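Nothing fancy with the numbering, it's 1 onward along the sequence. Bear in mind the structure is a predicted one, so any value in this text is a computation, not a measurement.
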Amino acid sequence: IPSHETFWMKDMLMPIDIIWIRGDTVIGGAERIPPPEPGTAVEALRHYPSPEAVDRVIEVRAGTADALGIQAGQRVQMLLP
């Protein structure tokens with residue numbers, strides 16, 4: 001069931017891109033999100049909300065979404081082994 005989701009960068013050590021997906025369509029993304037400064041209080045961490053209700057999210061190394069040309073509205077196919 002799709003829902004609005006929010007991510008934060010607690011304990012992240014590297015910058016990432018977040019790709020929001022509903023069904024088989026990219027809804028949006030947040031690119032090049034930096035890790036928090038060491039010692040940042042949990043209450044001070046920035047939150048990254050989905051632009052709409054989603055049922056999947058992919059986190060990838062920062063710059064990957066741009067390098068692959070990923071954009072809202074594109075269709076995705078996930079192949080599992």
Side-chain angles (χ1 to χ4, degrees):
I1 298 174
S3 61
H4 283 86
E5 300 295 333
T6 301
F7 277 56
W8 58 349
M9 297 292 285
K10 183 177 184 293
D11 298 327
M12 286 296 292
L13 301 176
M14 63 182 210
I16 64 169
D17 294 342
I18 297 175
I19 303 164
W20 302 103
I21 300 170
R22 183 175 57 236
D24 63 355
T25 304
V26 174
I27 300 303
E31 296 184 26
R32 292 179 165 75
I33 301 170
E37 292 293 321
T40 301
V42 171
E43 307 81 39
L45 292 173
R46 184 168 173 201
H47 290 78
Y48 298 89
S50 60
E52 299 177 26
V54 297
D55 54 15
R56 298 183 186 135
V57 63
I58 300 173
E59 295 179 358
V60 294
R61 184 178 301 274
T64 300
D66 187 44
L68 296 176
I70 296 173
Q71 300 178 40
Q74 288 180 317
R75 297 181 67 110
V76 295
Q77 180 180 18
M78 292 187 207
L79 302 174
L80 302 174

Report whether [X] and [Y] are members of the same hydrophobic cluster (ILVMFWY, side-chain heavy atoms less than 4.5 Å apart, transitive linking).
X	Y	answer
Met9	Leu13	no
Val60	Val26	yes
Ile58	Val54	no

Indicate the atoms forming the closest heavy-atom contact of [X] with [Y], along with that distance.
X	Y	result
Pro36	Leu45	CB-CD2, 3.5 Å
His4	Ala53	NE2-N, 3.6 Å
Pro15	Pro35	N-CD, 3.6 Å
Pro51	Gly28	CG-CA, 4.3 Å

Nearest 0.5 angstrom please: [X] [atom1] to [Y] [atom2], how far?
X	Y	atom1	atom2	result
Thr40	Trp8	OG1	CH2	12.0 Å
Ile18	Glu31	CD1	CD	11.0 Å
Glu59	Met14	CD	CE	8.5 Å
Ile21	Arg75	CD1	CZ	12.0 Å
Arg22	Ile27	CZ	CD1	4.0 Å

Exercise. Show your working on side-chain contact (heavy atoms from CB on, under 4.5 Å) between Ile33 and Met12 and close with a plain yes or no.
Key: CA-CA 10 Å; Ile33 301 170; Met12 286 296 292; over 6 Å; no
Practice problem: For residues Tyr48 and Trp20, establish whether the separation of their ring centroids is below 6.0 Å. | Solution: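 Ring-ring flag for Tyr48/Trp20: false, centres at least 6.0 Å apart.
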Quiz item: Is a side-chain donor or acceptor of Asp24 paired with a backbone partner of Val76 at a separation under 3.5 angstrom?
Solution: no
Self-check item: Backbone of Glu5 reached by a side-chain donor or acceptor of Ser50 within 3.5 Å
Solution: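 Yes; at least one donor-acceptor contact below 3.5 Å.
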Self-check item: Residues Asp17, Arg32; criterion side-chain contact (heavy atoms from CB on, under 4.5 Å); working and verdict
Solution: CA-CA 5 Å; Asp17 294 342; Arg32 292 179 165 75; 4.1 Å; yes
